[in-house]
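Single-structure report; data block below.
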Amino acid sequence: MSIVAAFDKALFVNSASKYCVVRLKTADIMIPDDARSPYRYGDHLIRFTAVGYDLPQTDAVKMELEGTWVKGKYGCQLQVEQWREIVPPTVEGIRGYLASGLLKGIGEKTADAIVQRFGTESLYILENQPEKLLEIRGITRERLEEIRTGYAESREMRELMMLLAPFKVTPTTAMKIYEHFGPGGVELLRRSPYRLCQVSGFGFKRVDAIVQKSGGEPHDPMRVQGALFYALEKSRSEGGHLFLEAETLVKEALLLLNERISQAGLRIERQEVEQELRNMVITNVVVSNKGNVYLPHVFAQESETACKIVDMLLEEPEPVRLGPVMERVKGRLGIVLSQRQSDAVRMVFRHDLSVITGGPGTGKSTILKAVIEAYRLLYPKGTILLGAPTGKASRRMAETTGMESAQTLHSLLGLYGEDAGWQKKTELDAGLIIVDEASMMDMWLAHQLFSRIRPGTKVLVVGDADQLESVGAGSVFGQLIECGLVPVTVLDQIFRQAGDSLIAYNAKFIKEGRGELYYGGDFSFVEAGSQAEAAELIRDLYRKELTRTDMDQIQILSPFRSEGDASSNALNEVIRAEVNPPAPDRSEITFGGRLFRLHDRVMQTRNDYDITLYNRDGEAVSKGVFNGEIGMILAIRSGTVTVDFDGRIADYPLESLGELELSYSITIHKSQGSEYETVIIPLLPAHRILLSMNLLYTAVTRAKKRVILVGQKKALYMAVRKRGRGRRNTLLGERIALYYRARTGGTEELKNAG
């Protein structure tokens with residue numbers, strides 16, 4: 001429906017996303033009764049609430065709005081899908097619009113000057129001949145560019161919202177699309193809406209259904225290209241693959257293209273797909289390397305990272321005398337190093353890039369302390385940087401090393417978006433960089449890291465090669481080890497917990513494929529015949545563990561997210577009902593079908609760089625909440641949820657609640673980089689599709705004091721006998737070896753490497 005209204009009051013505004021909730025006023029009597037404000041005003045206009053993107057917050061102009069009435073916790077509101085200003089074609093009307101603050105770079109004085117010079121032609125000049133604004137005193141080239149950019153962005157966003165109206169996108173999603181395609185995106189999508197398949201959340205099936213409903217041609221070459229692109233993107237985001245073989249890619253695209261076509265004569269033929277794939281290669285939409293098809297930016301990440309690694313391997317560090325230094329390190333730290341641990345420390349100073357891998361209790365933390373202390377003795381003025389892929393892992397790194405400066409790799413590198421790149425790409429000013437929990441580092445993040453390392457910097461990459469691979473695409477840590485050229489120390493002797501804990505030993509047995517584990521007070525197996533029975537037992541075990549330790553030190557880790565009674569989603573409801581049931585003094589809020597309650601345990605599910613964190617005194621301490629961080633809901637107020645992340649307080653506006661989910665139980669994948677005193681793990685044959693040695697090993701090694709397995713022993717045997725995490729399509733290791741041979745033995749191989 002179409003409504004003409006004017007701005008009345010801002011109720012909520014997110015300056016970063018430009019999402020806003022505003023109260024508007026209108027004389028339109030068609031406003032639904034349950035959407036009208038109950039209060040009376042002297043102007044006798046009807047007030048109602050609207051939600052949308054970048055809605056004008058000035059009553060200098062009226063708006064024509066298109067949208068849908070949506071009922072929710074805060075009453076009936078207009079979800080604005082598109083809007084435009086109604087500017088009266090008079091000098092006064094145009095002057096009011098220009099002076100409203102809607103256009104960046106134009107204030108009241110400049111608006112007066114523009115209207116005085118161009119009169120009712122002012123808007124035409126602004127849109128079609130903006131260079132004429134230079135005739136006005138005070139408007140410089142720089143200011144003109146600011147005005148043009150602001151006007152173009154505002155117009156582009158409105159046009160984009162109109163174009164995307166059939167897709168029912170939210171303003172936040174429209175902003176994401178605009179940022180992905182940039183200026184000119186509207187025209188690009190108008191020519192080929194299938195390019196939306198490049199944006200997360202726009203699967204080929206969704207886009208195709210809407211385009212075909214609007215009269216699209218099934219054999220449109222852009223439709224075929226859309227299916228090919230989506231198949232590549234899906235394999236990257238869901239399968240972790242950096243490329244697909246051409247044969248596999250064509251098959252995947254054909255399945256997508258013909259899924260809804262029943263008539264044989266209308267079906268897309270294989271030759272059409274192969275032809276469009278050739279066209280995409282020729283026009284550099286994709287890259288084909290020896291029959292392997294990449295998205296161009298992914299191919300660049302893999303190739304450039306391999307080249308940088310080879311540069312580091314070929315550098316010859318300045319030799320140092322480590323003997324006396326090692327003795328001083330042992331004395332200062334009061335430690336005894338095994339021969340393998342001593343060799344690992346020496347390796348770091350003999351090479352610019354080295355890797356240490358080992359399981360729990362094998363001494364990785366001890367080696368890190370020794371490396372840091374040795375570096376300080378050798379280079380008193382040198383700079384050391386510590387980083388890890390997640391906030392939880394970086395804080396644990398700070399605790400174990402005593403260096404409070406440890407931070408997430410995103411913060412270390414100045415990255416401020418999932419795929420948005422960096423604030424500024426500069427070399428890291430450090431003599432030594434240590435990256436912990438490196439098995440979680442995907443290809444994109446590795447590329448950002450290695451591209452910033454300056455010559456001569458020593459880099460130590462630490463992790464556990466037997467844990468699950470990164471959530472993102474690529475298998476960087478494994479490839480660094482498997483290429484055979486990067487110096488690696490493998491730690492396999494258990495030092496920690498030898499006298500009183502079975503966790504480290506059982507983790508070693510699981511890694512070796514042994515299903516006969518040691519059971520005792522800190523490692524137990526509770527039999528359960530079904531998922532439902534396991535859920536009941538887990539509820540009782542969780543309650544019992546709460547008598548021993550705090551809630552934030554108990555974590556349920558499920559292989560599955562959403563299937564069955566023992567999935568993390570189902571267990572979250574069971575545990576919440578047990579430990580945080582509804583009560584008159586526990587406020588609640590619902591968003592996107594999810595209910596959040598005061599004192600709920602919640603987890604951040606994506607990196608959000610716009611949220612500011614405060615200490616309990618209200619002082620800002622940091623910016624950004626990262627994927628996998630867990631906290632507790634401290635307060636629920638009108639439109640805002642406050643979460644306490646271990647003493648760091650964050651306020652979530654309503655539209656950001658989609659980033660949170662309950663976390664009494666989480667998936668094993670989400671637990672990477674974290675540690676808890678107690679972990680409870682459902683382990684049943686129903687989970688067989690995901691069960692593997694690496695999955696179980698990752699879950700068990702999250703525990704510091706106690707592991708409780710709940711389920712059936714045959715599921716345990718299924719897991720330990722299934723090695724590997726599924727082969728990911730990545731050639732980083734091969735490229736490192738290939739480039740290394742080319743650099744050390746001739747140029748022909750390098751040329752053939754592409």
Side-chain angles (χ1 to χ4, degrees), residues 308-309 311-313 315 317-322 324-335 337 341-358 363-415 422 425-438 440-441 445-446 448-463 477 480 486-489 491 622 673:
K308 177 63 178 183
I309 288 169
D311 287 343
M312 297 177 72
L313 294 175
E315 288 174 4
E318 175 187 341
V320 294
R321 293 183 64 243
L322 276 173
V325 171
M326 291 294 289
E327 292 305 314
R328 291 177 64 189
V329 167
K330 294 174 187 177
R332 282 194 178 190
L333 299 179
I335 60 174
L337 297 176
Q341 289 175 314
S342 297
D343 290 344
V345 176
R346 290 187 175 91
M347 174 185 69
V348 174
F349 293 94
R350 288 174 178 162
H351 306 277
D352 279 352
L353 175 63
S354 53
V355 170
I356 293 175
T357 180
K364 294 194 297 293
S365 296
T366 301
I367 294 174
L368 290 192
K369 292 177 185 177
V371 168
I372 291 169
E373 189 63 30
Y375 185 84
R376 285 170 172 164
L377 290 171
L378 287 166
Y379 308 100
K381 295 183 180 180
T383 300
I384 303 172
L385 295 178
L386 306 184
T390 68
K392 199 89 171 180
S394 66
R395 285 195 293 278
R396 199 173 77 248
M397 193 180 189
E399 292 169 4
T400 57
T401 62
M403 288 189 64
E404 290 299 321
S405 59
Q407 55 191 311
T408 65
L409 286 175
H410 286 78
S411 297
L412 189 72
L413 300 171
L415 303 173
W422 48 87
K425 188 167 183 175
T426 57
E427 291 183 335
L428 292 170
D429 182 17
L432 171 65
I433 299 173
I434 301 176
V435 179
D436 200 8
E437 295 289 354
M440 301 172 65
M441 185 168 59
L445 189 55
Q448 299 296 335
L449 170 65
F450 282 101
S451 65
R452 288 167 171 76
I453 295 171
R454 66 184 185 185
T457 299
K458 295 188 180 301
V459 178
L460 172 59
V461 182
V462 184
F477 191 63
L480 288 176
V486 179
V488 177
T489 297
L491 304 175
S622 62

Nearest atoms (heavy-atom pairs only) where S394 meets A406: O-CB, 3.5 Å
Pair I434-I372, side-chain contact (heavy atoms from CB on, under 4.5 Å): steps then yes or no: CA-CA 9 Å; I434 301 176; I372 291 169; 3.9 Å; yes
Non-hydrogen side-chain atoms of Q407 and L386 separated by less than 4.5 Å: no
Any donor-acceptor N/O pair, T457 side chain to G431 backbone, under 3.5 Å: no
Flag side-chain contact, heavy atom, 4.5 Å: L313 against D311: no
Worked verdict on T489 versus V355 for side-chain contact (heavy atoms from CB on, under 4.5 Å): CA-CA 6 Å; T489 297; V355 170; over 6 Å; no
Residue pair S354 / V486: nearest heavy atoms and the distance that separates them: CA-CG1, 4.3 Å
NZ on K458 to CZ on R350, rounded to 0.5 Å: 11.0 Å
R321, M326, R328 screened by side chain to side chain contact (heavy atoms under 4.5 Å, CB included) with P324, the one that passes: R321
Minimum side-chain heavy-atom gap F450-I453 below 4.5 Å: yes
Backbone N/O of G358 and side chain of K364: donor-acceptor pair under 3.5 Å: yes
Note, L480 side chain near V488 side chain (heavy atom, < 4.5 Å): no
Sub-4.5 Å side-chain heavy-atom contact between F477 and T357: yes
Validation row: I309, L353 side chains within 4.5 angstrom (heavy atoms): yes
D352 versus M312, closest heavy-atom pair with distance: O-CE, 3.5 Å
side-chain contact (heavy atoms from CB on, under 4.5 Å) between Y379 and V320, worked out: CA-CA 11 Å; Y379 308 100; V320 294; 3.5 Å; yes
E373/R332 salt bridge by N-O under 4.0 Å criterion: yes
Shortest non-hydrogen contact from M440 toward P389: CB-CG, 3.8 Å
L385 and L412: CA distance, side-chain angles, deciding distance, side-chain contact (heavy atoms from CB on, under 4.5 Å) verdict: CA-CA 8 Å; L385 295 178; L412 189 72; 3.9 Å; yes
Point-to-point distance, once rounded to the nearest 0.5 Å, from OG1 of T401 to NZ of K369: 8.5 Å
Which atom of S342 lies closest to which atom of L337, heavy atoms considered: OG-CB, 3.4 Å
Pair D436 + R396, salt bridge at N-O below 4.0 Å: no
Pairwise distance OG(S451) to CG(L428) - rounded to 0.5 angstrom: 8.5 Å
Atom pair CG (L368) and CE (M403), whose distance is rounded to the nearest 0.5 Å: 11.0 Å
Which atom of I356 lies closest to which atom of A344, heavy atoms considered: CD1-CB, 4.0 Å
Atom pair OG (S365) and CD (E399), whose distance is rounded to the nearest 0.5 Å: 10.5 Å
Min side-chain heavy-atom separation L413-L445 under 4.5 Å: yes
Point-to-point distance, once rounded to the nearest 0.5 Å, from CG of L460 to CG of L432: 7.0 Å
Test item: E437 and T390 side chains (from C-beta on) under 4.5 Å apart, heavy atoms: no
